[in-house]
Amino acid sequence: MDHELSQSLSAPFHAQLHSPDGNLQITLEQEPNGPLFYTVMNNRYRVLERSPLGLITDQYKFQQGIRIQGVEHNTITERYELVTGKQKSQSYEANELVLSTSVENHQVRIRFRAFHDGVAYRYELQGEGDIRFENELSGFHLPEDRMLNVWAQPFMRCYERTYDHAMPDHLRGRHFGFPLLVQSAGDHWLLLTEAAVDGGYGASHLEADEQDGRKLRIAYAPDQETPIAAKLPLSTPWRVMIIGSLGDLVSSSLTTHLCPPPVLEDTSWISPGRAAWSWYAEGDSCGDMDIQRQHVDFAAEMGWEYSVVDGGWEGVLDAPQLIRYAKSRGVGIWLWTHYKGLNTEELREEKLRLWASWGAVGIKVDFFDSDNQETLQVYDAIAESAARHRLMVNFHGSTKPSGEHRTWPHVMTREGVYGAEYYRAQSEGPNAVHLCTLPFTRNVIGSMDFTPVTFSRRTNTTQGLQLALAILFESGIQHYADAISVFADHPGKPLLAAVPAVWDETRLLEGYPGRFVTIARRSGAEWFVASICAAGGRDVHIPLDFLEDHQAYQAVIYQELAEADEYRYRSVLPPIEVHTETRCAKDTIKIRLKVYGGVSIHLTPQVENK
């Protein structure tokens, strides 16, 4: 650790931070007595132009008259384990720059961190007592010297919209949710998001400048009707830039690196898993004991760990009896609730204590539909209370994740996505373009309760694509969205029984947002590969060099056969052929995908006969 005292207030200020591999460079600068700016470079490519830093509080404006007091450099290395996610075992290196400043005798530090795959910063306000935040001036100025591709989701409180491809001019004056994806040159990508969000500050999104869509700034929740109220000392959420190739983005765990360690000492009761779910196929089924028993039985048959009882059960279903029955079959029960049923301490303690006493394993909490500070405080309180009662949590109708599953490992997933439930409510629902974009946007930053695999409804996709989503989309609890009768005789049934809900490794093999994507995920010694595409169809080439050398694998391939348009809207057994091959690391699997098509592959090491 070293310290650099600033020059006099009348001299310009300049400081730099590099990532451990030297590729990323952050430059901090200030004209005398003026605002602070930062610039981000990736080798010779400018990731962000001169971008503003600053806060406006009820006590002072951290914008002008900032006095630099010192610069501290640190090196950070860490290893930790996640209960769920795209990769359980985590390790990283980071370099850190802490800029100590004062304005009107108030102490503010800005902490920057540079990782191999991105950079992040936050404000740390010193002192004691109450403070109110009226605005945040933090911005992201996209490069001005080149054409940019942007994938941005128009802001919606539940984050249930598509990530639309746009040019910067299309962004002007509009609001967009995190994450936001930018392609600046070839395989140079940037994903903007935030991390370590809680009720101490609230969640944020992006607002584009009225005149220049390349200038994005932090915006508070539209229903944040009063300034954010906090107590000092306080750290704001991290402003996060994941940087690199698309593969770097897909495998990144930057948001969890930036979150505090787990608050729970004992996590033995927390377990990711797959779930049967009656609501999708029969929305009024959640109070019907016979139907719920059938879903428990099917979960047991499939080896799925859970069954989710959705809205409509309270006051109708004998939940304790169902939970006892499910336990006898080795299946855990999750119970749905509206967040307003848990938004006071009295309600939380009454309900969660009761449901835990029945033996429920988790709660699905719905309809938050807000990013404001008050609602984020309810998230925090539910997570804390659920942990004490040993109940896992699925936040639905929610804000996007921000790495909190590291701190609260029992928070298994969030919705915050335009998902399969819209196949029930709309004539089309999520199309193949959207499905080919989610692996590069929403699912990068955390578990995603999309509720995949829909065979019987009109989806404007193929059966092969829908089956592949079981692998492609990561979620700590994975709801499978169709009727028992559809899954029971489906050729893809063995794959749905085999795909786990937690992974040891995730790799992007190829892809481009909105067009196609191929991802490989490892669980133990087994690999699962999924590839899907949008319009046009394509020839997929899947090199298997991620497999162990000198080891033969059984490859079970789930491949569609017929033309997509012939089957796309039919409620019939899908045109999927299942065949088995022997493959090794030197091989490449070549398959033709149909329009809106997909393929799934399960690779298992073969045991030699002696």
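For the single chain, residues carry numbers from 1 onward in sequence order. All values reported here derive from a predicted model rather than from experimental measurement. FYI, side chains are in, hydrogens and waters are out, and symmetry mates aren't considered; it's all heavy atoms of this structure.
No side-chain donor-acceptor contact under 3.5 Å links Lys400 to the backbone of Gly177. The main-chain N or O of Glu415 is found under 3.5 Å from a side-chain atom of Arg442 such that the two form a donor-acceptor pair. Looking at Ser385, its side chain never comes within 3.5 Å of a backbone N or O of Ala381 through a donor-acceptor pair. Under the 3.5 Å distance criterion, the side-chain polar atoms of Arg274 are left unmatched by any main-chain donor or acceptor of Ala501. With Arg521 contributing its side chain and Ile471 its backbone, the two residues share a donor-acceptor pair below 3.5 Å. No side-chain donor-acceptor contact under 3.5 Å links Gln153 to the backbone of Tyr163. Side-chain atoms of Trp527 do not come within 3.5 Å of backbone N or O of Gly524 as any donor-acceptor pair. Side chain of Asp310 to main chain of Trp279: no donor-acceptor pair is present (N/O by atom type, distance under 3.5 Å, no hydrogens or angles).
Taking the six-membered ring for Trp and the full ring otherwise, Tyr92 and Phe115 have centroids separated by under 6.0 Å. Here the two rings, on Phe367 and Tyr339, have centers that are 6.0 Å apart or farther.
Cation-pi geometry between Arg406 and Tyr80 is satisfied (NZ or CZ under 6.0 Å from the ring centre, within 45° of the ring normal). A cation-pi arrangement, defined by a distance under 6.0 Å to the six-membered ring centre and an angle within 45 degrees of its axis, is present between Arg457 and Tyr280.
Residues Phe395 and Ile382 have side chains in contact (heavy-atom distance under 4.5 Å, counting atoms from C-beta outward). Counting heavy atoms from C-beta outward, Phe440 and Trp189 have side chains that stay 4.5 Å or more apart. Side-chain contact check for Ile363 versus Leu352: some heavy-atom pair is nearer than 4.5 Å. Residues Tyr418 and His434 are in side-chain contact: their nearest non-hydrogen atoms beyond the backbone lie under 4.5 Å apart. Leu191 has its side chain out of reach of Leu180: every pair of non-hydrogen atoms, C-beta onward, lies at least 4.5 Å apart. Contact check for Glu421 versus His396: side-chain heavy atoms found under the 4.5 Å cut-off.
Remark: Glu374 CD is loosely packed, at most 12 non-hydrogen atoms of other residues, nucleotides or ligands lying under 6.0 Å away.
Asp164 and Trp151 form no side-chain donor-acceptor contact under 3.5 Å, judged by distance and modelled atom types alone. Counting only N and O atoms by type, the side chains of Gln183 and Asn149 include a donor and acceptor under 3.5 Å apart. Side chains of Asn372 and Thr375: a donor-acceptor N/O pair is present below 3.5 angstrom, by distance only. With 3.5 Å as the limit, one finds a donor-acceptor pair spanning the side chains of Asp371 and Tyr159.
Between atom OG1 of residue Thr256 and atom CD of residue Gln87 there is a gap of 9.5 Å, rounded to the nearest 0.5 Å. For the atom pair CD1 of Ile477 and OG of Ser447, the computed distance is 10.5 Å after rounding to the nearest 0.5 Å. Of the inter-residue distances, the one linking Asn394 atom CG with Leu391 atom CG reads 13.0 Å to the nearest 0.5 angstrom. Remark: Met241 CE to Phe140 CZ distance equals 5.5 Å, nearest 0.5 Å. Going from atom CH2 of Trp304 over to atom OG of Ser307 covers 9.5 Å, rounded to the nearest 0.5 Å.
Aromatic ring pairs are classed by plane angle as parallel below 30°, tilted from 30° to 60° and perpendicular above 60°; the pair Trp355 and Trp358 is tilted. Relative ring orientation between Phe487 and Phe298 is described as parallel, the plane-to-plane angle staying below 30° on a 0-90° scale split at 30° and 60°. Below 30°, between 30° and 60°, or above 60°: for Trp277 and His479 the angle between ring planes is above 60°, a perpendicular geometry.
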Only distances under 3.5 Å count here; give the side-chain donor-acceptor pairs of residues 326-334 to other protein atoms, sequence neighbours excluded, each with its distance to 0.1 Å.
unit_1: Ser328; atom_1: OG; unit_2: Tyr325; atom_2: O; d: 2.5
unit_1: Arg329; atom_1: NH1; unit_2: Asp297; atom_2: OD1; d: 2.6

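Residues meeting the side chain to side chain contact (heavy atoms under 4.5 Å, CB included) test with Ala483, sequence neighbours left out: Ala281, Ser485, Val486.
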